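The analysis underlying the following values was restricted to heavy atoms, covering all of them including side chains, and did not include hydrogens, waters or symmetry mates. This structure is a prediction, so every number in the text was calculated from the model and none was measured. A, B, ... follow the sequence lines: proteins, then strands. Residue 1 opens every chain.
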Amino acid sequence: MSGLVTMTPDYCECWGDKATINANGGVDFENISELDLNGVFTSEFDNYVIFLSGGVSANAFIRAKMIDENGDPNSSGYVDQYINYTTVLGSGRSAVKTHGWDFTNWTGNMNGTEMHLYGPFLPTPTAQRSVNVDAYSGARMYENASSHSVAASWRGIRFATNANTMTGNVVVMGYAE
Amino acid sequence: MNGLELIKHTNGGGEMTATCSTGSVELLKQGVVKYTNTEKLQIYNAFSNAFDNYLIVFGSLTSKPGGSNFMMALRNVDGSHDGSYNIQRLVADGGNPIAARFTGQTVCYGVDCGPTVPSGGHVYIYGPALRQPTAFRSVGARSAPSVQVADYASTHTSSATYDSIELGDNSSGYSQTGTLTIYGFKKQSVV
């Protein structure tokens, strides 16, 4: 086994209409405000990439929290640094969060995220880097680097909107060594 | 087989080996290098004609005694190297992003790191073993002193082929610890 390996969740839970594990090991979701992917981080791999795509009912931050072995999300130790490029100017901000990482901002129905997680299963703090495109003003780069300072082993991840709902697909892949 | 493939010596070229000037390095398997407190980490036979493009994933990356830049330079097993690097840097640390350009450098930037909280990053390397200039794109999350977006785009002026790479801070006394994994992007064969 080499390269990228799909990590099919042990189970998923959502708050909203529905979320379904599909035949490819990803999860399709409709009109949800929260989605838990349990069991996607294992001792097999150190680093992961998550591909998240879809749309929102109205403008929304998409945020993420780490989930422990009991399926409980952790709510401390998250720090974000974002950069936001619209037209020709870039802006940025760093903030400490308790509601998880605000790793992207979605608008309309054409948004995509590639989220890299370094060491989520390892009993050390986790680093995260997401590369995003969203439909604000047609197309926008909203990128994010984050850290989670809690030195613990995480088994899953919760995605949520700060407001409104999202519809789309998510797949988690491990970097096989 | 198509897609992302871990570098193996059977891919072509010689068997991968790794050395360092200080610290310790362990080849966990072909393509996976664990390094501890290393300065000047050399990875031989990382690249070959088996792949055009490569991805290096840096995980659990920390540095001593403080924050450092895990720089990179193309090499060959026979020690040959030439050309220079041009770099575009983009960093966001607490506020708006800042940018800088460096030209005519002897190294380019890999992934920035800090002493306590692990950093991580991806480095895409386009065409190192091809007889053309090489391009690099680093996408990183530096975790210290506080989390930063730390990205670099670099080009190398030489059209020579390269099979190896050297990594480390340009300043002596700064070491790095972590594990890196080297993948090649496999093209699909059309019959």
Side-chain angles (χ1 to χ4, degrees), chain A residues 1-6 41 45-49 77-86 88-97 101-103 114-132 141-151 173-177, chain B residues 1-8 11 28-34 55-62 90-99 111-114 116-122 137-151 177-186:
Chain A
M1 178 167 55
S2 173
L4 287 171
V5 176
T6 299
F41 306 132
F45 310 119
D46 290 348
N47 305 307
Y48 297 80
V49 59
Y78 298 95
V79 183
D80 283 343
Q81 167 70 57
Y82 80 79
I83 53 175
N84 178 343
Y85 286 95
T86 53
V88 297
L89 295 176
S91 62
R93 185 174 59 88
S94 178
V96 177
K97 306 284 182 63
W101 296 316
D102 284 323
F103 64 91
E114 179 178 308
M115 171 190 275
H116 298 276
L117 286 163
Y118 307 98
F121 188 86
L122 301 175
T124 56
T126 302
Q128 182 275 133
R129 179 76 169 87
S130 62
V131 179
N132 309 299
M141 297 164 65
Y142 187 105
E143 306 206 351
N144 175 278
S146 307
S147 63
H148 185 216
S149 62
V150 178
M173 295 186 171
Y175 278 98
E177 298 178 351
Chain B
M1 185 192 307
N2 305 304
L4 201 62
E5 189 171 310
L6 189 66
I7 296 298
K8 304 187 290 291
N11 290 146
L28 300 181
K29 63 193 300 185
Q30 288 285 291
V32 185
V33 180
K34 181 179 178 181
L55 165 66
I56 304 180
V57 179
F58 292 82
S60 303
L61 176 59
T62 58
L90 185 157
V91 172
D93 180 5
N96 292 344
I98 56 175
V111 179
D112 293 348
C113 47
T116 306
V117 180
S119 301
H122 281 56
R137 182 70 167 89
S138 304
V139 179
R142 185 182 196 178
S143 299
S146 183
V147 65
Q148 298 177 357
V149 169
D151 284 10
T177 295
T179 301
L180 62 86
T181 310
I182 305 177
Y183 300 93
F185 286 97
K186 191 78 171 178

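When heavy atoms are compared at a cutoff of 4.5 Å, B/L90 approaches chain A solely by way of its side chain, counted from C-beta outward. Contacts of A/N47 with chain B are made by side-chain atoms alone, with heavy-atom separations under 4.5 Å and no backbone atom involved. Residue B/S119 touches chain A through its backbone alone, counting heavy-atom pairs closer than 4.5 Å. The contact between B/V32 and chain A is made entirely by side chain atoms (from C-beta outward), counting heavy-atom distances below 4.5 Å.
For B/F58 and A/H116, the ring centers sit 6.0 Å or farther from each other.
The CG atom of B/L55 lies 5.5 Å from the OH atom of A/Y175; values are rounded to the nearest 0.5 Å. Here the OG atom belonging to B/S60 is positioned 5.5 Å from the CG atom belonging to A/D46, to the nearest 0.5 angstrom. Rounded to the nearest 0.5 angstrom, A/E177 CD and B/K34 NZ are separated by 11.0 Å. Considering CG of B/D93 and CD1 of A/I83, their distance stands at 12.0 Å, rounded to 0.5 Å. Atom CZ of A/R129 is separated from atom OG of B/S143 by 12.0 Å, given to the nearest 0.5 angstrom.
Across A/T126, A/L122, A/L4, A/N144, the residue that shares the most heavy-atom pairs under 4.5 angstrom with chain B is A/L4. If you tally non-hydrogen atom pairs under 4.5 Å between each of B/D151, B/V117, B/I182 and chain A, the highest count goes to B/D151.
Shortest non-hydrogen contact noted between A/V79 and B/S146 is CG1-OG, 3.8 Å. Closest non-hydrogen pair, B/A141 versus A/A145, comes out as CB-CB, 3.8 Å.
When atom types are taken as modelled, the side chain of A/Y82 and the backbone of B/A92 share no donor-acceptor pair closer than 3.5 angstrom. Of the possible donor and acceptor atoms, one in the side chain of A/Q81 sits under 3.5 Å from a partner among the backbone N and O of B/G95.
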